[in-house]
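Here is how names work: the chains are called A, B, and so on, in the same order as the sequence lines, proteins then strands, and each is numbered from 1.
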Amino acid sequence: MSNKKNTKKASDSEDEDFEEEEDGSEGSEEEDSAENSVKEEEDEDDNDENDIKEEDNADTKIEVKDENNDEEEEFKPSINGNKRKNDTSVEKAAGLVNAKQVKTSGGDAIKKPVQKQQDSDDEDDENSDIKWKYLEHHGVLFPDYWQKHNVRPRYDGKPFDLNLYQEEMATYWSQTLGTDWEHKPKYRENFSKQFLDTFGKDKSKLEFDKFDFTPIKTHLDEQREIRKNRSKEEKNQEKQKKEKLADFYAGAILDGFREKVGQFMIEPPTLFKGRGEHPKMGLMKGRIQPEAVVINIAKDAPVPKCSVPGHGWSEIVHKQDVTWLASYKDDSVKKQHKYIFLSAESKLKAENDKKKYEKARRLKNLIGQIRENYERKLRSSDPIDRQLGTATYLIDKLALRVGNEKSEEEADTVGCCSLRVEHIQVLDNSQIGFDFLGKDSMRYQNTVKVTEIVWKNMQAFTKNKKPQDDLFDRIDASSLNEYLKSQMEGLTAKVFRTYNASHTLQQELDKANQEGLDKMDLKDKLNFYDEANRNVAILCNHQKTVGKNFDVMVGKMEQRINIYKDYEKELHTHLNKCKKNGVNPYEKEVILEEKDDGKHKMFVKKFPGTKEKIQEAIEKIKKKIDEEQNKKQSKEKNKEIALGTSKTNYNDPRISVVWCKKWEVPVEKVFPKTLIAKFVWAMDTDLEWSF
DNA sequence: CAGACGACTTAGTACTTGGGGC
DNA sequence: GCCCCAAGTACTAAGTCGTCTG
């Protein structure tokens, strides 16, 4: 396997960087080949340094034996599927055994036993750090190199030449013109500095403000327009090409099963867009070269081909104790690791997911005892214990995150342990006010009534401190988790969020009986579900920003409702007239509203000629009013609440599955496709089950 | 033992899509 | 058939938490 080490750092020194790319030839040449890479991969396999021997090119179907997996679609990755058995004896898993042995050991379908396999997995504890025995995949996809469009910005009113890299940067900048980013001082500052730095010694002569990027912005808009107006065939072609690519890279084999890969495209360069007041926003995210990418596969799996000609992987590793297929470092904006994992619907992820909820259920069974314990700690004479007890109380009652330390290089956000005095207010009547920025700089604003002792503790923790001082100065995330571990094996702060969320959902949905759900129609049942979901989202503070035209949309809805209502009234008067005069002699149509272009009739009023028909029309419009009002209400209720996050990450899917079965609601109504796929393991939960 | 590192989950937003209303 | 919007998905940032290291 290749191991070329001519790596250059992504983008530490811009001068070097663009000089290297400046000669252009590299760029365009590679781009072409990158485009073709898929075809190449499949047809020819002989011109690459990662020359892989593909012993068996037949696209062997892999037999799926595990009954838990019978829903498994075979997506059709063209991996050289080796048939292999999925049930390998325990000793084979012992780690050092290489996959070759696994592969060649035993026939195919001798052992069936799903049950057995599960048992042996459980006993497998001493080997629990082994995540797979065999792993094979196609590596990762690289974004195209920059292709010059030669649209020049103006400088001091005159067209200004840029080299390849400068043009790339300038274009990323131009993409954000007209958005909020443009006006964030930090974004502008970071970008402009880095941009000017690319001019080396000339940079002192340049002022960023004298640049005018509107020509590039215009060009981008035009391009978008062109893209939008492509013919149907063109669009289709492109779609198919994309799908083909996806098929190729999205397929992996893990322990004899075809699995789908998650995000397999290396993150393309762009300007970093951090959340909140991130000090690094606007910096250039560097281009990742294959030389930075580590590939993780089984020892006897074919090495995936690197699709960038003339380049090779950094390293091929066989780490069985991790689940990632590929990883790379990207230090261009901040030190970080990126990974390519299997998708959420893979067995590996699903198992973890299930474990997470099982752990939360264990907490449920112990919560009484655990609460007693931290209540006691609240009154301890040891100040550390009082802080541990108080923090645990907040995590439990308010579903706060634990709050690890953060560096200066990130947005200033906090969680429980990192709360500062300035974030809380000790109020009258045993109340505490919270106001801080949590994960993703989402604001947590809440006033809560707490127990007497918690209130006293909180007050004590603020004593003699400056606003910027830590509220919990004697503990941190790891000491808190250590304490939690002493209460229950594997217990950490985040388990409380999972537990509280799922518990809340279960409780809310259990109210269905009192609410008389059986008499409701599907829409109302779903409203009921949403309401439960919403309570969880509120608990976890899952927010979304209100769309720019939220008010406009609501306004439109109101307008529509009013029009409908007016019409209803008119129908009533019409009906009365009809009653008086016997049969109405005429039927008229009035176009109530037209759009500016005169093309679109928004709403047509009709005044039918018979009493029956009028009555019908009244019923119809009443229903419409009702529907519209419901829509408006839920839109307003969900104004800044995101339901999706708790659905995907916090709510034990079995709760919803059982509820759906019980009330005859199709699961597809509460879970979109992707979540159904993610939660296959929960789909056949039986009615008796509860969280 | 603190801080860095590594792996994995959780998160909101930007973009795409598809289904209902005309 | 077209248009529009909401729902769904893709994307990647930002957390958590265990472990390694000096």
Enclosure of Glu482(A) CD (heavy-atom neighbours >12, cutoff 6.0 Å):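 12 or below, so no.
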Neighbour count above 12 (heavy atom, 6.0 Å) for Lys637(A) NZ: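 Count over threshold, so yes.
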5' priority, DNA chain C, between Thr413(A) and Ile266(A) [closest heavy atom]: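 Final value for this comparison: Ile266(A).
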Nearest-nucleotide 5' precedence on DNA chain C, Glu410(A) against Glu668(A): Glu668(A)
Touch class at under 4.0 angstrom, heavy-atom based, for [X] against every strand present:
{"X": "Lys355(A)", "result": "nothing"}
{"X": "Asp353(A)", "result": "nothing"}
{"X": "Met265(A)", "result": "nothing"}
{"X": "Gly403(A)", "result": "sugar-phosphate"}
{"X": "Lys280(A)", "result": "nothing"}
{"X": "Lys631(A)", "result": "nothing"}
{"X": "Asn404(A)", "result": "base"}

Residues from residues 643-656 of chain A lying under 4.0 Å of DNA chain B - heavy atoms: Thr645(A), Asn649(A), Tyr650(A)
Of residues 542-551 of chain A, the positions that come close to DNA chain B - non-hydrogen atoms, cut-off under 4.0 Å: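 Heavy-atom cutoff 4.0 Å gives His542(A), Gln543(A), Lys544(A), Thr545(A).
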Residues which pass side-chain contact (heavy atoms from CB on, under 4.5 Å) with [X], listed by chain and number, not counting sequence neighbours:
{"X": "Ser486(A)", "value": "Tyr483(A)"}
{"X": "Cys416(A)", "value": "Ala391(A), Leu394(A), Ile395(A), Leu400(A), Phe472(A)"}
{"X": "Gln445(A)", "value": "Asp435(A), Arg443(A)"}

So, is [X] near the phosphate of [N], with a side-chain N or O under 4.0 Å from OP1 or OP2?
{"X": "Lys439(A)", "N": "dG12(B)", "answer": "no"}
{"X": "Gln263(A)", "N": "dC11(C)", "answer": "yes"}
{"X": "Thr323(A)", "N": "dC8(B)", "answer": "yes"}
{"X": "Lys239(A)", "N": "dT17(B)", "answer": "no"}

Identify whether the distance between the nearest side-chain nitrogen and carboxylate oxygen of [X] and [Y] falls below 4.0 Å.
{"X": "Glu409(A)", "Y": "Lys335(A)", "result": "no"}
{"X": "Lys347(A)", "Y": "Glu259(A)", "result": "no"}
{"X": "Asp470(A)", "Y": "Arg420(A)", "result": "no"}

Geometric class of the Phe434(A)/Tyr444(A) ring pair [parallel <30°, tilted 30-60°, perpendicular >60°]: perpendicular
His138(A) and Tyr249(A) aromatic ring geometry - parallel, tilted or perpendicular at 30°/60° bounds: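 It falls in the perpendicular class, over 60°.
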Which residue lies more 5' along DNA chain B, comparing Lys356(A) with Arg227(A) via nearest heavy atoms: Lys356(A)
5'-most by nearest nucleotide on DNA chain B - Arg401(A) or Ser327(A): Ser327(A)
Shortest non-hydrogen separation from Leu643(A) to Asn533(A) and the atoms involved: O-ND2, 3.6 Å
Residue Pro268(A), side-chain heavy atoms: nucleotide from dC8(B), dT12(C), dA11(B) that is nearest: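 Nearest listed nucleotide: dT12(C).
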Using whole Å, report how far [atom1] of [X] lies from [atom2] of [N].
{"X": "Asp440(A)", "N": "dG12(B)", "atom1": "CG", "atom2": "C1'", "answer": "6 Å"}
{"X": "Lys556(A)", "N": "dA6(C)", "atom1": "NZ", "atom2": "P", "answer": "9 Å"}
{"X": "Asp180(A)", "N": "dT13(B)", "atom1": "CG", "atom2": "C1'", "answer": "12 Å"}
{"X": "Ile340(A)", "N": "dT9(B)", "atom1": "CD1", "atom2": "C1'", "answer": "16 Å"}
{"X": "Phe341(A)", "N": "dT10(B)", "atom1": "CZ", "atom2": "P", "answer": "12 Å"}
{"X": "Leu141(A)", "N": "dA10(C)", "atom1": "CG", "atom2": "P", "answer": "15 Å"}
{"X": "Glu627(A)", "N": "dA6(C)", "atom1": "CD", "atom2": "P", "answer": "15 Å"}

Under 3.5 Å side-chain donor-acceptor pair for Tyr339(A) and Thr323(A):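 No, no side-chain donor-acceptor pair sits under 3.5 Å.
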Distance-only donor-acceptor test, Arg275(A) side-chain atoms vs dG12(B) base atoms, 3.5 Å: yes
N/O donor-acceptor pair, side chain Lys273(A) with base dT13(B), under 3.5 angstrom: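 No such pair is found, so the answer is no.
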Name of the residue among Glu628(A), Glu636(A), Gln629(A) meeting side chain to side chain contact (heavy atoms under 4.5 Å, CB included) with Lys632(A): Glu636(A)
Residues within residues 484-499 of chain A bordering DNA chain C, heavy-atom distance below 4.0 Å: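 Close to the strand are Lys485(A), Thr492(A), Ala493(A), Lys494(A).
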